[in-house]
Amino acid sequence: GLEETLCTMRLRENIGDPSRADVYTQQAGHISALNSHKLPILYWLQLSAEKGHLHRNAIMVPHYNLNCHSVVYAIRGSARIQVVSDDGQTVFDEELREGQLVVVPQNFAVVKRAENEEFEWVSFKTNDNAMVNPLAGRTSVMRALPDEVIANAYQVSREDAKRLKYSRRETTVFSSNESGGSFSERRAEA
Amino acid sequence: QRYGASQQHSLREQGECRIDRLDALEPTNRIQCEAGVVESWDPNHEMFQCAGIAVVRHIIEPNGLVLPSFTNSPQLTYIVEGNGILGTVIPGCPETFQSSQQSQFGPQFGQGGQMRGGEGQRFQDQHQKISRFRQGDVIALPTGVAQWVYNDGNRPIIAVTLLDVTNNENQLDINPRRFFLAGNPQDEHEQGGQQRQGRRPQQRQLGEEGQQRGQCNNVFCGFDARFLAEAFNVDLETARRLQNENDNRNNIVRVEGGLQVVRPPREHGGRGWEEERERERYGGGRYDVN
């Protein structure tokens with residue numbers, strides 16, 4: 001049965017084509033993920049990948065990888081990247097330029113911002129079904145918390161707690177030039 | 001099996017599990033918080049090193065809120081005493097607890113985070129599911145899932161938690177790590193003020209414009225406040241509040257007047273925990289009532 005299973009197993013999948021992006025915003029950029037659901041052999045390898053593209057001045061929201069490390073390799077352009085450890089210490093705060101890479105350990109929070117040019121990267125992730133938890137935006141940790149928990153945790157008013165929850169309505173990437181009020185994220189059309 | 005299992009294997013090869021005597025241990029570290037205490041056993045003790053685990057005990061006073069955090073390993077908690085509310089943050093899950101009819105995207109905020117009228121005024125709150133727990137409950141939480149706990153009872157909650165640091169889900173080292181999303185807490189696994197092995201001394205980073213920041217330990221502290229302001233689309237002052245600088249309440253804080261969150265009533269139509277328990281015992285299940 002090997003010839004029907006192993007030998008015919010798909011080994012290749014393209015994540016460079018923006019028309020197949022999983023996250024797409026016209027103003028900010030796009031992201032494509034490749035996990036074992038899309039390419040089953042990754043289940044064996046326990047690895048996955050992500051390709052991202054940020055327009056100039058665009059930001060990928062602060063987030064952390066729940067179940068894997070991530071190796072971020074800059075394909076084109078440069079971005080300022082900050083990585084924060086469990087004790088709130090900035091362990092990386094530099095520009096990542098084309099040809100360089102940085103390892104982001106599991107659960108360490110990270111934010112990327114394309115500076116004066118577009119930034120393209122590929123991330124290799126050490127889990128076949130890598131999961132990301134955003135800290136800001138529509139699908140973030142902050143949205144999941146009751147506003148009273150936010151108000152008591154950060155010692156802010158309920159009004160400010162609501163702002164922290166709802167002011168950023170994009171999910172993953174956004175342009176810092178925007179007011180943030182528009183909901184422009186949508187899937188790319190093939 | 002990237003790191004945890006192999007690390008445990010190498011520990012055994014090095015003889016870390018060649019224990020010729022076992023001890024009954026009391027907690028070796030105690031952190032006093034505004035509304036409770038966090039106690040931990042020394043994770044560097046050979047028994048814990050061999051087993052690849054760490055243990056921590058929380059005592060949460062009434063009206064105490066354990067600030068949101070997540071860990072680098074799966075954890076199993078036993079509620080020794082008391083009852084309260086558990087909130088978890090699971091990525092991708094919707095905010096299914098809602099307090100009122102609302103617009104699809106919640107309240108409307110204009111530029112600079114100003115709340116607009118209309119639908120926003122009707123809106124109250126929505127968040128992910130929260131659940132009640134009581135004495136005798138076991139709570140299982142996966143790696144990286146953020147949690148918060150609130151004691152809405154009238155006696156302290158005592159909860160003992162095992163962190164399985166050599167679990168395959170943990171791809172970091174075997175140091176138990178808690179990532180705080182708020183507050184300015186001490187590391188519960190640092191023994192007697194000592195840093196964990198191999199860790200750098202606390203080195204507070206310079207904030208924006210090169211100013212020295214105050215004491216700050218949660219994950220937002222490491223980000224430039226301007227990044228946070230942009231990410232949350234709020235003003236710089238509000239963004240700085242996320243960093244909880246010089247907050248000395250530690251990670252169990254007191255909620256004055258009680259925490260108001262959206263949740264089902266504790267008892268409905270005369271049904272309390274005991275009746276629910278009976279239904280579960282006889283196969284009814286917890287969710288069988290429409």
Side-chain angles (χ1 to χ4, degrees), chain A residues 46 59 61-62 64-69 82-91 93 105-109 111 113 126-127 131-139 141-150 152-156 159-160 162-169 174 176 179-181 183, chain B residues 2 65 67-68 70 72 87 89 91-93 95 105-107 109-111 113 115 125 127-128 143-146 148 169-172 177-183 187 202-203 205 216-224 227-228 230-234 238 241-242 244 247 253 255 259-262:
Chain A
Q46 293 285 291
I59 292 179
V61 296
Y64 63 91
N65 291 288
L66 263 89
N67 55 1
C68 60
H69 305 303
Q82 292 186 333
V83 182
V84 180
S85 67
D86 52 323
D87 52 6
Q89 188 162 301
T90 314
V91 291
D93 182 10
Q106 181 183 14
N107 293 337
F108 280 41
V111 63
R113 179 188 173 132
T126 57
N127 190 303
M131 292 171 74
V132 159
N133 208 1
L135 297 170
R138 189 163 54 87
T139 56
V141 168
M142 211 56 80
R143 283 269 184 135
L145 298 173
D147 54 14
E148 278 238 348
V149 170
I150 296 174
N152 281 282
Y154 300 110
Q155 297 179 290
V156 296
E159 186 75 358
D160 280 342
K162 285 188 192 303
R163 285 199 184 91
L164 285 166
K165 273 182 87 162
Y166 298 111
S167 287
R168 175 59 62 197
R169 285 159 54 180
F174 63 90
S176 62
S179 67
F183 183 72
Chain B
R2 187 163 307 283
L65 171 68
L67 297 178
F70 59 93
N72 62 330
V89 179
C93 293
E95 290 83 46
F105 300 114
F109 286 94
Q111 194 156 2
M115 199 170 181
D125 193 18
H127 49 77
Q128 281 192 15
T143 307
V145 168
W148 57 271
E169 290 294 305
N170 175 26
Q171 296 188 6
L172 289 168
R177 293 168 192 260
R178 188 170 290 277
F179 295 75
F180 293 98
L181 291 168
D187 184 339
Q202 295 266 336
Q203 175 193 330
Q205 299 296 309
C216 177
N217 281 341
N218 76 47
V219 297
F220 291 112
C221 298
F223 292 126
D224 188 322
F227 267 9
L228 294 177
E230 284 197 280
F232 285 91
N233 193 28
V234 294
T238 306
R241 301 300 289 269
L242 290 170
N244 286 95
D247 181 345
V253 304
V255 179
L259 192 78
Q260 303 299 315
V261 293
V262 185

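Computed over heavy atoms, backbone and side chain alike; hydrogens, waters and symmetry mates excluded.
Comparing A:Glu148, A:Met142, A:Met131 by heavy-atom pairs within less than 4.5 Å of chain B, the highest count is held by A:Glu148. Note on A:Val61, A:Val149, A:Val141: by heavy-atom pairs under 4.5 Å with chain B, the leading option is A:Val149. Considering only heavy-atom pairs separated by less than 4.5 Å from chain A, the leading option among B:Leu228, B:Leu181, B:Asn72, B:Val145 is B:Leu181. Chain B forms more heavy-atom pairs under 4.5 Å with one residue of A:Asn67, A:Asn65, A:Thr139, A:Ile150 than with any other, namely A:Asn67. Annotation: maximal heavy-atom pairing with chain B below 4.5 Å, among A:Pro146, A:Pro105, A:Ala136, occurs at A:Pro146. The candidate with the highest count of non-hydrogen atom pairs below 4.5 Å against chain B, out of A:Gly137, A:Pro134, A:Ala109, is A:Ala109. Note: A:Asn107 leads A:Val84, A:Leu135, A:Asn107 in heavy-atom pairs under 4.5 Å with chain B.
For B:Asn244, the part lying near chain A is the side chain, with the backbone staying farther off; criterion is any non-hydrogen pair under 4.5 Å. Contact annotation for B:Leu259: both backbone and side-chain heavy atoms come within less than 4.5 Å of a heavy atom of chain A. Interface residue B:Glu95: only side-chain heavy atoms are found under 4.5 Å from chain A. Of the atoms belonging to B:Val262, not a single heavy atom falls under 4.5 Å from chain A. With a 4.5 Å cut-off on non-hydrogen atoms, B:Leu242 touches chain A through its backbone and its side chain both.
A donor-acceptor contact shorter than 3.5 Å is absent between the side chain of B:Gln171 and the backbone of A:Gln106. Remark: the backbone N or O of B:Asp125 is not paired with any side-chain donor or acceptor of A:Asp147 at under 3.5 angstrom. Looking at A:Ser85, its side chain never comes within 3.5 Å of a backbone N or O of A:Val91 through a donor-acceptor pair.
In this structure, A:Ile59 and A:Arg113 have side chains that are in contact, with non-hydrogen atoms separated by less than 4.5 Å. The closest side-chain heavy-atom distance from B:Thr238 to A:Arg163 is not below 4.5 Å.
In terms of the ring-ring contact (aromatic ring centres under 6.0 Å, His included) criterion, residue partners of B:Phe70 (sequence neighbours excluded) are, by chain and number, A:Tyr64, B:Phe179. Shown here are the ring-ring contact (aromatic ring centres under 6.0 Å, His included) partners of A:Tyr154, two or more places apart in sequence or in another chain: there are none.
Cation-pi contact between A:Arg168 and A:Phe174: present, with separation from the ring centre below 6.0 Å and deviation from the ring axis of at most 45°.
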